[in-house]
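Please read the structure below before turning to the comments.
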Amino acid sequence: MSVTIFCSTLGAYAFEKLDIFGVTPLFALLLIGLVLPYESIVISLYYTMKTYNLTNTYWALILPQIGLSIPFSIFWLRASFKAIPISLSEAAMIEGAGRITILTKILMPQMIPAILTLTVLLFMWTWNEFLLALVMIQDSDMRTAPLALSYFAGNKRYGDPAITAAAAIWVALPCLLYTSPSPRDGLLSRMPSSA
């Protein structure tokens, strides 16, 4: 996830703030990855990973997830970069700041809300990934939590549904903890007291 955010931040900055010839067609080409149905490439992706002996490894889940997340991440962060006035970058350039300084010292502090929101989205998508794990991982010890829940629910189909519901809560718990607001956000202070 951190690799995706790092590459996407640099890519979105280049697409939006740098005046380079051919940026618009290249961005349109990148958006094909955003609209391409994921299911249409998973079989060819499996054979590619099998060629490099990466099936049944964590790399079979990590590398495609990075590649599939980058188009959306660049699209998301480019819109946030577009909302920042160009006059800030121009003023910093007049003062002698370079492109890296402008990105790290001026633009990135304003991008923190967009990057945090993107981090939450990427975490939820990565945690809930099912199809990639189903195709790439055959070893039962390496199954992801949603895939293991699917096998568990399939084995307990005629058993107690409460056990399956409890297992589903355990699988969803990291997403709930990761996205829940903290007490310092003021959410708990606005709740009515029991007294």
Side-chain angles (χ1 to χ4, degrees), residues 1-42 44-45 48-49 51-52 54 57-129 131-133 136 144 174-175 177-187:
M1 193 164 52
S2 57
V3 174
T4 302
I5 291 173
F6 177 75
C7 295
S8 301
T9 302
L10 295 178
Y13 175 70
F15 277 120
E16 182 55 35
K17 298 297 182 184
L18 301 182
D19 190 19
I20 302 171
F21 177 73
V23 165
T24 305
L26 189 61
F27 185 70
L29 183 66
L30 181 79
L31 288 182
I32 292 175
L34 189 60
V35 299
L36 188 68
Y38 174 45
E39 293 80 8
S40 66
I41 61 169
V42 72
S44 60
L45 191 61
T48 303
M49 291 292 172
T51 303
Y52 294 107
L54 291 177
T57 65
Y58 290 118
W59 291 109
L61 298 175
I62 294 169
L63 295 175
Q65 193 67 39
I66 290 172
L68 292 168
S69 299
I70 282 181
F72 173 77
S73 302
I74 289 178
F75 179 75
W76 180 275
L77 294 177
R78 182 177 183 255
S80 299
F81 274 122
K82 190 183 284 265
I84 299 173
I86 193 73
S87 59
L88 290 176
S89 301
E90 291 172 348
M93 290 177 99
I94 290 172
E95 293 293 326
R99 298 240 183 238
I100 300 297
T101 305
I102 292 171
L103 176 62
T104 56
K105 304 281 187 190
I106 296 170
L107 299 179
M108 287 305 291
Q110 299 180 51
M111 293 290 294
I112 289 174
I115 290 174
L116 289 178
T117 305
L118 180 64
T119 303
V120 170
L121 290 173
L122 290 178
F123 176 79
M124 289 175 51
W125 290 341
T126 304
W127 180 260
N128 291 323
E129 178 57 50
L131 182 61
L132 195 63
M136 298 293 179
T144 60
C175 287
L177 293 176
Y178 192 78
T179 59
S180 64
S182 64
R184 68 175 178 264
D185 292 336
L187 199 67

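Remember, it's a predicted structure, so these values are computed and weren't measured experimentally.
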Legend entry - Under the side-chain hydrogen bond (donor to acceptor under 3.5 Å, both in side chains) test, residues paired with Glu129 that sit two or more places apart: Tyr38
Legend entry - Closest non-hydrogen atom pair, Leu54 against Ala60: O-CB, 3.1 Å
Inset, instruction - Begin with the C-alpha distance, continue with both residues' side-chain angles, and end with the deciding distance and a verdict on side-chain contact (heavy atoms from CB on, under 4.5 Å) for Trp125 and Phe72. - result: CA-CA 12 Å; Trp125 290 341; Phe72 173 77; 3.3 Å; yes
Inset, instruction - With side-chain contact (heavy atoms from CB on, under 4.5 Å) as the test, would you mind laying out the steps for Phe75 and Leu30 before giving the verdict? - result: CA-CA 9 Å; Phe75 179 75; Leu30 181 79; over 6 Å; no
Inset, instruction - Enter the distance from Ile70:CD1 to Ile5:CD1 here, rounded to the nearest 0.5 Å. - result: 11.0 Å
Legend entry - Test item: Lys82 side-chain N/O and Glu16 main-chain N/O as donor-acceptor pair under 3.5 Å: no
Legend entry - OG1 on Thr144 to OH on Tyr58, rounded to 0.5 Å: 10.5 Å
Inset, instruction - Verify side-chain contact (heavy atoms from CB on, under 4.5 Å) between Ile32 and Leu29, making sure each step is shown before the conclusion. - result: CA-CA 5 Å; Ile32 292 175; Leu29 183 66; 3.8 Å; yes
Legend entry - Distance-minimising heavy-atom pair for Thr104 and Pro109: O-CD, 3.6 Å
Legend entry - Test item: Ile74 and Tyr13 side chains (from C-beta on) under 4.5 Å apart, heavy atoms: no
Inset, instruction - For residues Met136 and Leu61, report the shortest heavy-atom separation together with the two atoms involved. - result: CB-CD2, 4.5 Å
Legend entry - Nearest-0.5 Å distance, OG1 of residue Thr9 to CZ of residue Arg78: 14.5 Å
Inset, instruction - Show your reasoning for whether side-chain contact (heavy atoms from CB on, under 4.5 Å) applies to Met49 and Thr57. - result: CA-CA 10 Å; Met49 291 292 172; Thr57 65; over 6 Å; no
Inset, instruction - Assess whether atom CD1 of Ile86 is packed by more than 12 heavy atoms of other residues, nucleotides or ligands within 6.0 Å. - result: yes
Legend entry - Ile41 backbone acceptor or donor facing Ser44 side chain under 3.5 Å: yes
Inset, instruction - Could you tell me whether a side-chain N or O of Ser69 sits under 3.5 Å from a main-chain N or O of Ile66, the two making a donor and an acceptor? - result: no
Legend entry - Minimum-distance pair of heavy atoms, taken over all atoms of Gln110 and Ile84: OE1-CG2, 3.8 Å
Legend entry - Nearest-0.5 Å distance, CZ of residue Phe6 to OG of residue Ser73: 14.0 Å
Inset, instruction - Apply ring pair (Phe, Tyr, Trp, His ring centres under 6.0 Å) to the pair Tyr52 and Trp59, showing each step before the final yes or no. - result: CA-CA 11 Å; Tyr52 294 107; Trp59 291 109; over 10 Å; no
Legend entry - pair Leu118-Thr4: side-chain heavy atoms closer than 4.5 Å: no
Inset, instruction - Look up atom CD1 in Ile112 and atom OG1 in Thr117, then write down how far apart they are to the nearest 0.5 Å. - result: 11.5 Å
Legend entry - Inter-residue atom distance Met1.CE - Leu122.CG, 0.5 Å rounding: 7.0 Å
